[in-house]
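Accompanying notes for the structure given below.
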Amino acid sequence: MLIDFFLHLKASKLPVSTKEFLVLLEALQQHVVEHSLDDFYVLSRATLIKDETQFDKFDRAFGEYFKGVEALPGMDVLIPEDWLRDAMKKHLTDVERAKLEKYGWDKLMETLKERLAEQTERHAGGNKWIGTGGTSPFGHGGTHPEGIRFGGESEHRSAVKVWAKREFRNLDDNVELGTRNIKIALRRLRHFARQGAAEELDLDGTIAGTARNAGWLDLRMRPERHNAVKVLLFLDVGGSMDDHIRVCEELFSACRSEFKHLEYYYFHNFVYEWAWQDNTRRHTERILMLDLLHKYGNDYKLILVGDATMSPYEIAQPGGSIEYNNREAGAVWLRRLTESWPHAIWLNPEPEHFWQYRQSISMVHELMGGRMFPLTLDGLERGMRLLSK
Amino acid sequence: MRFEGSENYVATRDLTLAVNAAVTLQRPLLIKGEPGTGKTMLAEEVAGALGLPLFQWHIKSTTKAQQGLYEYDAVSRLRDSQLGEAKVADIANYIVKGVLWEAFNCETPSVVLIDEIDKADIEFPNDLLRELDRMEFYVYETRELVRARHRPLLFITSNNEKELPDAFLRRCFFHYIKFPDKETMVKIVDVHFPGLKKNLLREALEVFFELREIPGLKKKPSTSELLDWLKLLLAEDIPPEALRSQDQKITVPPLHGALLKNEQDVHLFERLIFMARQNR
């Protein structure tokens, strides 16, 4: 019973275990829910999924299994946000609304598949394409009586099923870091910086206290010293990276107090013999990379942030830098960095599935020994876990 | 025993379902959600609604799992021995019962709240696995086995500061309290301020939800902040018109300090309003 459902969840890469599945069956046996699919959805979610970042995946898997929503092509790819932005709204009268053709479910899906295949640009206000406003059944903010909504606010309340709404999408930890999830990212970093708060016997304090007590024993405890982490941060600046760098700087400086030391340096595109600390005076106040290599001991953890998207020459060739004539290739410098700080990771704001298609990214990926992570909550967590080992 | 919400707590359908599943199968219920969505309140309300005693255990970063069971106060025993007190001979005098022991000893079924479990050390949940599974533990000092007379109903809240271990999660039901939508919010406010004027409520809720929509707020106002703000509005007797004037001119809502508790957020908000006015 329901074994197929369980296996389907497993196949959708959800972390469900047999024990939890048995609990679900037990709950069904004891009639915790009556015969309602909505209730079953809530119950199975409460039993099987223990992490709200997995809710969205669960919603999709549940929808697929219970046929309400067929696996939509392109649901994974995600429809670009700006198609859906509330650019314009048509206010229809009730008569006009009634006139709108009511598609059946199957036809809706069929048409959607076709549209997704055909449509390549933003669309608003018409009555056929996916977009905002308008009276096409796809997109949001529209007024088709039986529409499928992609993102956006429900305004006319003719939406489909609960799990189809995918409310938990922005709790998914694979989305890029933004203001919403920066708080959680901070917590992950803090976790990395601090380990436990155990107490230990303060021997000196105890002796002094006992002496002051005229020989009566006076035990003193003190919190164990925190395992403070030293971090060296190298940030790629210039061009498309600036937004990501800002997020990153905020992120790390917000938990600055948790690190014993946190040092920033900037580079452009790739690391060579120079780095700088002040972006406005980058040409006058440069610092020799060799000095940095000697200055910071190997107990520092190295975090490089950059999109690693450039011409392969900038990595592999001497003189390949776009800024000046570098005597040694970037690859040599990166190797030097990772040798002197063996605890190193590279955070990349580019989505992970693009990496294999960009030659320079795969080169850096290889140079870092695979220790490249996407700049998402999930990536940050994996990276921090690796660094704290 | 079924929980259906209570007079002063509005529970959504999926929340009551999760609670009832935990009650029926006697397994712990783990609650997560934004701050101020009533995670801690839930245990109190369930205890109240089902008429069961409530035992609360608030977790701090220094809390040890052992403290929930019992503590052996070795230090005072040592002191007593130096002072030559008679009760020193019996070790049981120095065993201090913890929250779970009290709950296990309770004559009736009870509700136990373990609040903010993520504050504790990372090993904390693992140290409680067997105790929560079997509802029994062994006191080594006095060599006795403490077993629960009735399995207590266990609520655990978490603010997501730490990941909880898988072994622990597998033993719980899980519910994520999401931020209430407008309809639920109206019900919640109704429960707290039954006599609130309809139009004041509508205007206030609109301002509130708009405020939450502002991108870049460090701390979005939550339910508890909304309730505080309404309390202030009522106390100051502010008319609904003050919240939004007729010509749709944008104004800073009165007493916004109750909603925005962060200096940067207030600045951001004021700047947005300033810009909106200039665009007119």
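Here the structure is a predicted model, which is why all the values come from computation and not from measurement. Naming: A, B, ... by sequence-line order, numbering from 1 per chain.
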Salt-bridge present (B:Arg27, A:Glu26; N to O < 4.0 Å)
yes
Hey, could you give me the NZ/CZ distance between A:Lys19 and B:Arg170, rounded to the nearest 0.5 Å?
8.0 Å
Between A:Asp39 and B:Arg13, does at least one N-O distance fall below 4.0 Å, as a salt bridge requires?
yes
Do A:His31 and B:Thr24 make a side-chain contact, defined as non-hydrogen atoms from C-beta onward lying under 4.5 Å apart?
no
In short, B:Leu17 meets A:Val42 closest at the heavy-atom pair CB-CG1, 4.2 Å
Find the distance between CG (A:Asp51) and CG (B:Asp166) and round it off to the nearest 0.5 Å.
9.5 Å
Do A:Glu52 and B:Lys178 have side chains that approach each other closer than 4.5 Å (heavy atoms only, starting at C-beta)?
no
Below 4.5 Å, heavy-atom pairs only: which of A:Leu43, A:Thr47, A:Val16 has the largest tally toward chain B?
A:Thr47
Apply side chain to side chain contact (heavy atoms under 4.5 Å, CB included) to residues A:Arg45 and B:Asp14 and explain how you reach the verdict.
CA-CA 10 Å; A:Arg45 199 182 67 190; B:Asp14 42 348; 4.1 Å; yes
Does the side chain of A:Lys50 reach to within under 4.5 Å of the side chain of B:Phe168, using non-hydrogen atoms?
no
State whether the number of non-hydrogen atoms from other residues, nucleotides or ligands found under 6.0 Å of A:Gln29 atom CD is greater than 12.
no
Would you mind checking which part of B:Leu78 comes under 4.5 Å of any heavy atom in chain A, side chain (CB onward), backbone (N, CA, C, O), both or neither?
side chain
Would a 4.5 Å heavy-atom cut-off, applied to side chains only, mark A:Leu48 and B:Phe174 as touching?
no
